[in-house]
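For ligands, and for the atoms within them, numbers begin at 1 and follow the listed sequence.
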Amino acid sequence: MNNENNALTGNFEALGISGGLLKATIGAGFIEPKPIQAGAIPAQLAGRDILGIAQTGSGKTAAFALPILSKIIGLGTKRRPKTARALVLVPTRELAVQIDETFRLLAKGAHISTALVLGGVSRNSQVRRIAPGIDVLIATPGRLMDLVREKDVILSETTWLVLDEADRMLDMGFINDVRRLSKATHPARQTALFSATMPKEIEELAQSLLRDPVRVEVAPQGTTAQEIEQKLIMARLKQKRQVLANMLADPAITSVMIFARTKHGADRVARDLERDGFEAAVIHGNKSQNARQRALNGFRDGSVRILVATDIAARGIDVPGISHVINFDLPDEAESYVHRIGRTGRNGASGVAITLCDPAESAKLRAVERVIRKRLTVVADHTGEPDPRPVPREGNAARLREPGREQKDALRQAEAKPHRAHGGGKPAHGDARGPRQERKPFRGKRRFGRKPAARAA
Ligand code: AMP
C-alpha cells in the first residue's frame, strides 16, 4: 500500500476498524469517515450505546454496520436456530433493502449472514432463511412482530439492536411494536438509536432503551436552498400531460422523479408517458415489494430514466444523480414538497425542481411557499389566467425571493422534521393521502394515547 493510501486508510483504521473489514470498507469507496461515523464508531466499539441524531444521507448505516460487523466477524457460524445476533429495525421496506445492501458490501469476504423480514413478500422464505440462525436481521416492525409471536424468530440472543429512523417509526404507528421487540432482545444488549428529529416520544423511548448513551449529532446535510433551482409552471390539469411530454423531450433531463399526489394519479401519469413514447417505472404503496425494488434498482443503475412516485418515495430514498424532480401535482401536505425536491441536488450536486400547478391548486401552492418561505418563479403559464397568488408587498417580495438564512433554516427544519399524517388536516379530494396513509390504517386499540397513522409492513 502506498503512502497516500496509508494516510487515507488511517482514518477508518484510527476509528478502530481493521483487517478484512477495513479492506472491504475502502473497497466500498468509504475512504474518509463521515462525521456521524467518526462520532459513533469508536464509542460503539468500546461497548457504548448511541443516540444518533442524523438523517439518511449522513452515512449513518455504516456508522452502525461497521461496529456490529467488527464484533460479529470472528464469532463463527455456530448460532442457535431462529435467533439473530444483531437486529436492525427500520420503518420502510426500501430502507431495509438499502441497509442490507450496505451490510453485505461491508461484510464482503467475511462469512456473515443477513436476512430481511418485511411485509408484502412471502413470509415462508423469510422463515426458512432465519431457521438456522442469522447474524444480522433487518426488519420492519409489523412483520417481525408476527414472526416473533409465532415463534419463527427468537430474539432472546440478540445482543445488538439498532433502531433506525426512530421518528419515522413513531410517525407510522410502530412505536409499541418497537418497544415490545426491544424488550424481547437480550437484556445485556448494546443499542443504537438513530433519528432525524427528537420529538418528546423519541426522547422517552431513548431514555427507556439506552444505557448512558453517547449522543452524536450531525447537522442535516446540504439543504435544498442553494443547490436546487425551483421553478413553477402554471398549467391546467388537462394540459399537464402535454407540458410534461414537452419537458421530457429535453435530453438535459437525464434522470427524473415525477411525483403524483395519489397512487391512481401516479399510474395514470406513467400510462400517459408510455403512450407519449417515454418509458417510466412507477413506485407506490400498492406495488408489490418486488415491483418497487425492481423500479428502484432500474432507476438507480440508470437503465430507467423516469421514475413516477407518490410521496411514499419522497423521503429516505437516496439515489445519487437525480437531475430533476417534477411535481405533477402539488402535495396535500406542504412539507412533502421539501422532501420531494430533496431527492435531487444531493451531496452538493445541482438539481432542478419543476412544479406544475393548476389554478385550482393555488391554496396548496401558497402553503408550500409558506413552508419554504420563498415565492416560486413562474417560468411558463399555459392557463392564460392571472397569477392566483396575492401580489407580494415590496419588502416581502425581496425577502421571499432571496434564499436567505431564514429560508435555509426553514428548509432544513422541514427536511429534518418527521412527516406527520395527522398534522395537515383532511386531504381535499378523493384518494389523496400522505405517504403513510397509503398503507392499511391501524385499527387496533390505542394503548399509549397516540393514534398510530398507518403500518408499513
Ligand atoms: P446513509 O446515510 O447510510 O444512507 O449513506 C448515504 C450515502 O453515503 C450512501 O450512498 C453511502 O454509500 C455513502 N457513504 C457512507 N459513508 C461514506 C464514506 N465514509 N465515504 C463515502 N461515502 C459514504
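Side-chain contact between R189 and T158 is absent, with no heavy atoms from C-beta onward closer than 4.5 Å.
Under a 3.5 Å cut-off, the side chain of N327 and the backbone N or O of D329 do not form any donor-acceptor pair.
Taking every heavy atom of F12 and a limit of under 4.0 angstrom, the matching atoms of ligand 1 come to 19 (N). For ligand 1 and T61, the ligand atoms under 4.0 Å from any heavy atom of the residue are 1 (P), 3 (O), 4 (O).
At a heavy-atom cutoff of 4.0 Å, ligand 1 is contacted by no atom of F194, backbone or side chain. Contact annotation: for E32 versus ligand 1, heavy atoms closer than 4.0 Å belong to the backbone alone.
A salt bridge links R123 to E150: one of the charged nitrogens lies within less than 4.0 Å of a carboxylate oxygen.
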Next item on the list: Any chance you could lay out the salt bridge (charged side-chain N to carboxylate O under 4.0 Å, His left out) test for D100 and R104, step after step, and finish with the verdict?
Entry: CA-CA 6 Å; D100 183 48; R104 284 160 181 263; 2.9 Å; yes
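Checking S255 against S323 by side-chain atom types alone, no donor-acceptor pair falls below 3.5 Å.
At a 3.5 angstrom cut-off on N or O pairs, A62 does not count as close to ligand 1.
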